[in-house]
Protein chains: 2
Amino acid sequence: MAAKDTLTILNGKWKIQIITTLNYSGKLRFMDLLRLIKGIAAKMLSKELQDLETNQLLKRTVLSTNQLIVEYELTPHGKTLERIINEMRLWGKLHRKKITGDK
Amino acid sequence: MAAKDTLTILNGKWKIQIITTLNYSGKLRFMDLLRLIKGIAAKMLSKELQDLETNQLLKRTVLSTNQLIVEYELTPHGKTLERIINEMRLWGKLHRKKITGDK
DNA sequence: CAGTATCCAAAGGGATACTG
DNA sequence: CAGTATCCCTTTGGATACTG
């Protein structure tokens, strides 16, 4: 199922937040993401970034090796997720209204 | 995050398949779903159906109690998921092409 | 028929300490 | 700075047997 694939790729507790944060801010360094995404641990950030990079949704660039500096940014392919994430956001809001308003 | 909510609701190994199966076939009984969704175990089907019912995405109807017969069908709210599932399917296909075509 | 109960293995994810 | 390693708890999901 292609739909399930999409779900699997976006799954993980922090992926959507990472993607939307990068989509909003452009290029960010590891520490920036760690600071902007409240509650995430370095281990999880690292792991989720690797997953996303494997799926070619973001690009990792080492800017400097002696004083280690790394930047992350969405690829064009990663940016194509914006549309579907927006749809999810809309449906999620609709759903909340449905659930809370119904009872 | 509303987008994450949508993901959470659709998550679980079988939810999308259950939804699309019901969306395609209309009303189905427990055994029908068990037969149509290859590989699912009764425990999982039961649990996923309960999750979906809790979120008001489907309706469970007992047709007979002496000879126990139960039918499941999507609610109108559940049917609103069709749009977003289709978007996921489209993006999933795009992604496969991207990944396999790239290397 | 339509489930539930039990047991278990694997994956997900957090806290903390450590490294090039 | 940008991670990795370790430990450990929780969640997910499968197999099998049982029930009203």
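Lettering of chains follows the sequences in order, A, B, ..., and the numbering in each one begins at 1. As the structure is a prediction and not an experimental result, all values here were calculated from the model. The basis for the numbers below is simple: all heavy atoms, side chains too, and nothing from hydrogens, waters or symmetry mates.
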Could you spell out the base pairing of DNA chain C as a dot-bracket line? Use Watson-Crick and G-U wobble contacts where both distances are under 3.5 Å, [ ] for crossing pairs, | for partners on a different strand. ||||||||||||||||||||
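- Residues from residues 61-70 of chain A that place a heavy atom under 4.0 Å from any atom of DNA chain C, listed by number: Leu68(A).
- A side-chain donor from one of Asn66(A) and Ser64(A) sits under 3.5 Å from a side-chain acceptor of the other.
- Going from atom NZ of Lys79(B) over to atom CG of Leu74(B) covers 6.5 Å, rounded to the nearest 0.5 Å.
- By the 4.5 Å heavy-atom criterion applied to side chains, Leu33(A) and Leu49(A) are counted as neighbours.
- To the nearest 0.5 Å, the span separating CG on Asn55(A) from CD1 on Ile9(A) amounts to 4.5 Å.
- Between the Lys47(A) side chain and the Lys43(A) main chain, no donor and acceptor come within less than 3.5 Å of each other.
- Along DNA chain C, the stretch of nucleotides lying under 4.0 Å from any heavy atom of chain A spans, 5' to 3', dG13(C) to dG20(C).
- In summary, Arg35(B) and Asp32(B) engage in a salt bridge, as defined by a charged side-chain N under 4.0 Å from a carboxylate O.
- Annotation: the span from Gln50(A) atom CD to Glu53(A) atom CD amounts to 7.5 Å, rounded to 0.5 Å.
- Every residue meeting the salt bridge (Lys or Arg N to Asp or Glu O under 4.0 Å) condition with Lys59(B), not counting sequence neighbours, appears here in chain and number order: Glu73(B).
- Taken residue by residue, residues 15-41 of chain A places no heavy atom nearer than 4.0 Å to DNA chain C.
- Nearest heavy-atom pair, Leu10(B) versus Ile16(B), reported as atom, atom and distance to 0.1 Å: O-CG1, 4.3 Å.
- Between Tyr72(B) and Phe30(B), the ring-plane angle classifies as tilted under the 30° and 60° cut-offs.
- No donor-acceptor contact under 3.5 angstrom links the side chains of Arg83(A) and Asn86(A), judged on distance only.
- Judged purely by atom type and a 3.5 angstrom limit, Thr6(B) uses its side chain to pair as donor or acceptor with the backbone of Gly92(A).
- Only Lys43(A), Met44(A), listed by number, bring a heavy atom of residues 43-52 of chain A to less than 4.0 angstrom from any atom of DNA chain C.
- Using a distance-only test at 3.5 Å, with no hydrogens or angles considered, no donor-acceptor pair links the side chain of Ser46(B) to the main chain of Ala42(B).
- Under a 4.0 Å N-O distance rule, the pair Glu71(A)/Arg29(A) does not qualify as a salt bridge.
- Remark: side-chain polar atoms of Ser25(A) are not paired, donor with acceptor, to backbone N or O of Leu22(A) under 3.5 angstrom.
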